[in-house]
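Heads up: the structure comes next, in structure tokens.
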Amino acid sequence: MDTQDDVLIKNRVMLVHFDSYSTALVFAKWNETLLLPAGLPASAELTSAPDEPAAAHDGEAVKAAVIERLGLNPAEVVRACDFNHWVSTETGPVRVHLLRFTTFEAPKAALEPHGGVFRPISALRGGVLVELLLAREVFNLIVGAGGGKA
């Protein structure tokens, strides 16, 4: 059985919270990256999904690994199945997953012990280009869909 590190090595995860009342979308950020467990290499570029994704890219396994790593309540995190983005790197394809907190407010205290903070998209300017492109896709998916199930 793969460890959480094995699962996360070929994947990255964006964590967000959307408040449907105020329409506030905030992104979890760790230092200079929006991605867990680490940022992407500078050479990373958006690409299309492989014809047959490897088992290592399974969304539910990635969700479980993030929940375990951060000590989150599984009932408060959902995976956006319709967020299917990939990047190419020198070591192969990396799938980027989107997890969304379902809590009433963004669970700041859950991320603080791990060095994470929540930031609105307007505070992400100047970040890594590929991450900003992915953040825009998240924004379009969640806010553009009227806060749908993503």
Side-chain angles (χ1 to χ4, degrees), residues 2-19 22-50 53-54 56-74 76-145 147 150:
D2 290 334
T3 67
Q4 64 176 246
D5 289 335
D6 293 336
V7 169
L8 293 175
I9 201 161
K10 298 237 181 239
N11 298 278
R12 296 297 187 276
V13 177
M14 295 183 89
L15 287 161
V16 299
H17 180 272
F18 181 71
D19 179 344
S22 67
T23 65
L25 175 65
V26 289
F27 294 79
K29 186 172 182 183
W30 288 265
N31 296 316
E32 300 303 315
T33 186
L34 299 173
L35 302 172
L36 272 180
L40 294 164
S43 61
E45 295 180 350
L46 293 176
T47 189
S48 56
H57 298 292
D58 177 67
E60 287 304 314
V62 171
K63 175 184 167 187
V66 169
I67 287 170
E68 181 182 341
R69 175 173 279 199
L70 299 179
L72 302 174
N73 178 346
E76 297 176 344
V77 180
V78 295
R79 183 174 67 90
C81 300
D82 51 352
F83 186 83
N84 188 27
H85 293 279
W86 294 77
V87 292
S88 62
T89 68
E90 293 171 2
T91 58
V94 173
R95 184 174 182 188
V96 181
H97 303 264
L98 176 61
L99 299 180
R100 179 175 166 183
F101 289 100
T102 60
T103 52
F104 180 68
E105 294 181 338
K108 297 173 186 172
L111 298 189
E112 286 174 357
H114 307 283
V117 295
F118 284 99
R119 295 287 181 254
I121 198 166
S122 60
L124 304 179
R125 289 185 184 103
V128 178
L129 181 59
V130 82
E131 290 186 18
L132 294 176
L133 293 171
L134 290 165
R136 173 54 70 184
E137 291 296 323
V138 171
F139 183 88
N140 290 340
L141 178 68
I142 294 175
V143 177

What I'd like to find out is whether the side chain of [X] reaches to under 4.5 Å of the side chain of [Y], using heavy atoms alone.
X	Y	result
P107	F118	yes
L70	L111	yes
E90	P41	no
V143	F18	yes
V87	V130	yes
H57	N11	yes

Just how far is it from atom [atom1] of [X] to atom [atom2] of [Y], taken to the nearest 0.5 Å?
X	Y	atom1	atom2	result
I9	T91	CD1	OG1	8.0 Å
R12	H97	CZ	NE2	10.5 Å
M14	F83	CE	CZ	6.0 Å
E137	L133	CD	CG	8.0 Å
D82	L141	CG	CG	4.5 Å
L8	L35	CG	CG	11.5 Å

Partner set under salt bridge (charged side-chain N to carboxylate O under 4.0 Å, His left out) for E60, not counting sequence neighbours:
R79
Might you work through the side-chain contact (heavy atoms from CB on, under 4.5 Å) test for W30 and L15, ending with a clear yes or no?
CA-CA 11 Å; W30 288 265; L15 287 161; 3.5 Å; yes
Would you confirm whether H85, through its side chain, and V96, through its main-chain N or O, come within 3.5 Å as a donor-acceptor pair?
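No.
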Walk me through it: do I142 and V16 pass the test side-chain contact (heavy atoms from CB on, under 4.5 Å)?
CA-CA 10 Å; I142 294 175; V16 299; 3.8 Å; yes
Residue pair [X] / [Y]: nearest heavy atoms and the distance that separates them:
X	Y	value
N84	A49	ND2-CB, 4.1 Å
K29	N31	CE-O, 3.2 Å
L124	R119	CD2-CB, 3.9 Å
E131	L34	OE1-N, 2.7 Å
A106	V26	CB-CG2, 4.0 Å
A135	F27	O-CZ, 3.6 Å

Please name the residue in the list L46, V94, T47 that meets the side chain to side chain contact (heavy atoms under 4.5 Å, CB included) test with S88.
T47
